**Q** 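If you scroll down you'll find the structure; I have some questions about it.
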Amino acid sequence: MEKLKLTTAVLALSASFLAAAPAGAESIEFWTQTYGDQIKWTAAIKELTEAYEAETGVKVNHEIVPWSSSRKTWLAVAQGGAAPDCADMWWLHSFSAIGGDKFGPMPINDFKSKFSVEDFYEGALQDSTWRGDFYGIPWRGDIRAQLYRTDIAAEAGVTQPPENWDEVIEAARKMTKRSDNGEVETWGYSFGSAAKVVDWLMPLYWQAGGEFMTDDGKTATIDNDAMRKALTFMHDMVNVHKVADPDAFEKGYKARPAFVAGKVAMIGSAEQAWGNRLETENPEVDGKWSFSRSAAGPANRASFSGAGYLGVLRGSEKVEQCVDWLAYLSRDENMLKLSQAAGTVATKPAVMATDFWSDRPYKRVVAEALEDAHTSQHPAPAWSAISTSEPGGILYDMIYSVVIEQQDMDAAITTAQELMQAQLDR
Amino acid sequence: MASIEIQDVRKSYASLEVIHGVSLDIEDGEFVILVGPSGCGKTTLLRMIAGLESISKGQVAIDGSIINHLPPRARDIAMVFQSYALYPHMTVRKNMGFSLKLAGVKPREIDEKVNVAADVLDLSHLLERKPGQLSGGQRQRVAMGRAIVRNPKLFLFDEPLSNLDAKLRVQMRSEIKELHQRFKTTTVYVTHDQVEAMTMADRIVVMNNGHVEQTGTPMELYDNPLTRFVASFIGSPSMNMIEGHLSEQGQFELPAGNTIDLSEVASDEARGQKIILGIRPEHICVGGQGTSLGNAHIRVVEPTGSETLLFVDAIGQPMHVLDRTRSTFNAHDVVPLFAAGEDFHFFDAETGGRLPKNG
Amino acid sequence: MNEKNVFCYVMVAPALLITIVLGVYPMVDTMLISFQSYDLLTVQSKGTEWVGFDNYREILANDKFLQTVLQTVIFTVLAVGISVLMGLFLAQVINADFRGRSVLRTVILSPWFVPPVVASAIWLWLLETNTSPINSMLLDAGIIERKIRFLTDSDTIGPFSIPMLSIVAVRCWNGLPIIIIFLLAGLQSIPKSLYEAAEMDGGGVWAKFRYVTLPMLRPVLMVLFALLFLGGFGHFEMNYIMTGGGPRNLTNVLAVWTYQEGFQFLRYGKAAAAGGIVLVMCSIISVFYLWAQSKDNRS
């Protein structure tokens, strides 16, 4: 009798678990990172999922992946870990390579027609395409442009934002302030925001006319004149003109507090999301800052641009439902909502032309800067390892040895080219 | 070798005074024992001499120099602790030689002195062992050896035998006494055991509740205790104490109604008041002559070979009688008791102080 | 197997299971990876072939790695040495009786409640060259003329540098309380009479420390050293958060190197080999500790 009772209990319990599992055949798991204020972001997504459910009856379960564990999460997904049906993703190339045919991002060429891809910026589409396959739609941009303190500039007699490298040098020299004992009170120039040193080099290199690799992602192309020009520029800003803080190249450097405190006057490549943040979190510098388009190098004025895209994961059994959900999100009005909630630039010209993106001066600048966008993604899976801004990273070491250690530039570049090629051959 | 002068020494912990004005002079080479019940202050006094407790008021001087403010290591005193306090990680040799090593004595000399002391205490075969490998008695001797090696002015012993079994205790008593006779170092020794005090001391200091009850040689304390406390503390089995009223005629009236005729012994001062009469068990005889104590009803008989201890009911209260005649006694026997007049002690019922007696 | 034994095994089973699953299995798996060529980017296409000791040979031939190993040892020795010394002193201080003792105890023990990650964040802010209050105080007091670049100064004297010393200081700050607790417990188990005996034998403060305190603390100190060294070799948070191993690799330690190798450069095989090196180092400490213990037991 006891045994019977026990067995019945166990069976009932297992049955309840199984019953609970697929709550509805019509529900999909959707993960995103957070953008701006987490609560506002979650609310915005909720609005969209509820509207979608009302329209189609399909429930979308939204989960947040915090940025602090985002990389690890997608790394795990690419190696077979728990994955959602669809998500807001990045670094398509690396994670696809790691996951191979079994895990990670899933190409959805068959469903390409459901999205009106011609309405998107072409540059943005690069971020959701790999080896010719279509993986989803880009939804946010991260465009970086020049940011400077208008009050410090005015004080120093700088009347216009610098338009090219020479003007940058001149403006930075004027805006650098030193105290009596030689300690720097205000640095005239900072290459970028957080200590992602390689991100600083990239736009400068492109502006000098260089590209990091061939389109097929198999050959490294960094040993050239453009690289020398870019590295010289960085080196001189720190050691010759002495307008940039060498300590910025070490971990822990945070440009924003320094910028707000007036200890840094100009940032060469600042994320456009700063616009939103400075407005909401630092009212004390209201009216004292301004964005401008990236200064032009010898060849062009390319601006660093990253993008995130919405795509489907391998292993999902709800591909069609996901595609429908993503197509819904790609409508202009929904893309605008996402852009507003996240504070990031949209990937469709139609959205960038709305009022939302022209009601502030900095937003107008940002929209203009989109013209100069150059994607930071590269078609090689090893790119993430090559471009990591940690000591030991190939490009990081090259920059560090030239700018901080002031070693022979040619040797550093040659070494980096060899190492990078070895990585691309992986 | 040194003499010690303790003048009106007091000790307080916060506002609580525990030692109330103790004065004592110890002569060079004397073996003085501080004895008393737990909590009487004897160990505190010893530690004040050692320097391990501060002296709240009063002075302690050695050979005339006041040492109140000297730290222990500057007083040239060696102490044997109740727990021996041997350094567990050092060999016996190193334990004994430690103080010399700290004093900077040369290793060869240290070895010589240690060997000599070890010889005296029969420790030579144990020198390379650690305290953990020794028995209680052996550890006790090492502790003494550590003190001897230093050849100090003064030895202090803090209940060194209380952790040993009875037989070992008896043996160590005579060994310590022998050592004292040999080295003649001034010694202050603390114990709660009055037998140790009686057998070992040149002079005994009986302490109670932080003050000195009486100082004197063992026989002085035995024959002429100055207070009721000393009378019952010294001597084993302890003195019988009988409460009652001594009339003007010298009749001692007990509450139960019995009377003892003390007219020939009691002094005038003692009469006409409530007193406590003391008589030692060994001074009571079964049968014989002297002052009658009435008939006693024997309750328990305890023969120990050389003498017999009787628990009796006499003159209305329980008493002890120590019989050395080797007679046979049985429980429930009724026997007459007598005592010699000069063996009685008179104490004031209120103060406990001694009252004089005639003759 | 009687009932009592079965009960004991059942009680121990959960803990054993957790240890095996979370501790032993990952360790064994990592060791296996260290003998394979395991490049995350090519795992799907090329697989993981067995390469024996190749990974080890490669990392041991790398100057930067060797520097990292040396620094791991130096960091740990410095942090453990300094904090135990300070701990010995401070434990005696809180053991003594004086007014205001409880306040002092709270102050000394408070760093314990700060997890290493939080400590790193706090000190990262406190030591940032331009905004550091320490720099301002020292400058105002006229003790220094130029700001100290606590975490970014790359001048070195031998293998030592200011960032290294800064991080050692933070490690000491964070680890001191537990050392003090250990030592305090040890100190309080030393019978007072031993100190009195030493006092009577003529010992001053230093003699009492050297001949009574230290020998009696030996068992506690041995356990403490073993634990601290084993933990110290694997320390990760402070070096990673405060300097990421820089500047110029001066504050790199094995745990940080392994992390970067595995998760930034995606070369699991080499990262696992570095883990193997840490295992060897910890084994040396453990063997030494066990040997010292058995020596004690024998004597």
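Here is the naming used below: chain letters follow the sequence lines, and residue numbers restart at 1 for every chain. Everything numeric in this text was worked out from a predicted model, so none of it was measured. Reckoned from all heavy atoms, side chains included, excluding hydrogens, waters and symmetry mates.
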**Q** Working to the nearest 0.5 Å, report the span between CG of Asp201(C) and OH of Tyr87(B).
**A**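 The CG atom of Asp201(C) sits 4.0 Å away from the OH atom of Tyr87(B).
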**Q** Sort Arg47(B) into side chain, backbone, both or neither according to what part of it lies under 4.5 angstrom from a heavy atom of chain C.
**A**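 For Arg47(B), the contact with chain C is made by the side chain alone.
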**Q** Crowded around Glu27(B) CD? As in, over 12 foreign heavy atoms under 6.0 Å?
**A**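 No - once you tally the heavy atoms of other residues, nucleotides and ligands closer than 6.0 Å, there are 12 at most.
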**Q** Side chains of Gln82(B) and Ser193(C), heavy atoms from C-beta outward: is any pair under 4.5 Å?
**A**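 Not touching, per the 4.5 Å side-chain cut-off.
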**Q** Roughly how far apart are Arg146(B) CZ and Met200(C) CE, rounded to 0.5 Å?
**A**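 Result: 10.0 Å between the selected atoms.
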**Q** With rounding to the nearest 0.5 angstrom, report the NZ to CG distance, Lys192(C) to Leu52(B).
**A**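 Here the interatomic distance stands at 8.5 Å.
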**Q** At a 4.5 Å cut-off on heavy atoms, which part of Leu86(B) comes close to chain C: side chain, backbone, both, or neither?
**A**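 It is the backbone, since no side chain atom gets that close.
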**Q** Please indicate whether Phe98(C) has more than 12 foreign heavy atoms, meaning atoms of other residues, nucleotides or ligands, lying under 6.0 Å from its CZ.
**A**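 Yes, because the 6.0 Å sphere around CZ of Phe98(C) holds more than 12 heavy atoms from other groups.
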**Q** For Arg218(C), look at atom CZ and say whether over 12 heavy atoms of other residues, nucleotides or ligands are found less than 6.0 Å away.
**A**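 Open.
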**Q** Which distance, rounded to the nearest 0.5 Å, do you find between the CE of Met216(C) and the NE2 of His89(B)?
**A**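 Interatomic distance, Met216(C) CE to His89(B) NE2, rounded to 0.5 Å: 7.5 Å.
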**Q** Of the non-hydrogen atoms in Leu194(C) and Ala85(B), which two are nearest, and what is the gap between them?
**A**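 Taking Leu194(C) first and Ala85(B) second, the nearest heavy atoms are CD2-O, 3.5 Å.
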**Q** Tyr211(C) versus chain B, heavy atoms under 4.5 Å apart: side chain, backbone, both or neither?
**A**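 Both parts, backbone and side chain.
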**Q** Just checking His69(B): does its NE2 atom have more than 12 heavy atoms from other residues, nucleotides or ligands closer to it than 6.0 angstrom?
**A**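 12 or below, so no.
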**Q** So for Ala103(B), is it side chain, backbone, both, or neither that comes closer than 4.5 Å to the heavy atoms of chain C?
**A**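 Contact with chain C: none, neither part.
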**Q** Just verifying a value: how many Å separate Arg73(B) CZ and Lys208(C) NZ, rounded to the nearest 0.5 Å?
**A**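 Going from CZ on Arg73(B) over to NZ on Lys208(C), the span is 7.0 Å.
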**Q** Heavy atoms only: give me the nearest Ala207(C)-Leu102(B) pair and the separation to one decimal.
**A**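 Where Ala207(C) meets Leu102(B) most closely, the heavy atoms are CB-CD2, 3.7 Å.
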**Q** Taking every heavy-atom pair that is under 4.5 Å apart, which of Arg150(B), Met79(B), Arg75(B), Met90(B) has the most such pairs with chain C?
**A**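 That would be Arg150(B).
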**Q** For Met86(C), is the CE atom crowded, meaning more than 12 foreign heavy atoms sit under 6.0 Å from it?
**A**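 Counting neighbours around CE of Met86(C), 12 or fewer heavy atoms of other residues, nucleotides or ligands fall under 6.0 Å, so no.
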**Q** Just give me the residue among Ala74(B), Ala78(B), Pro72(B) that pairs up with chain C most often, heavy atom to heavy atom, under 4.5 Å.
**A**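 The option with the most such pairs is Pro72(B).
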**Q** Return the CG to CD distance between Asp158(B) and Glu196(C), rounded to the nearest 0.5 Å.
**A**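 Atom-to-atom, Asp158(B):CG and Glu196(C):CD are 9.0 Å apart.
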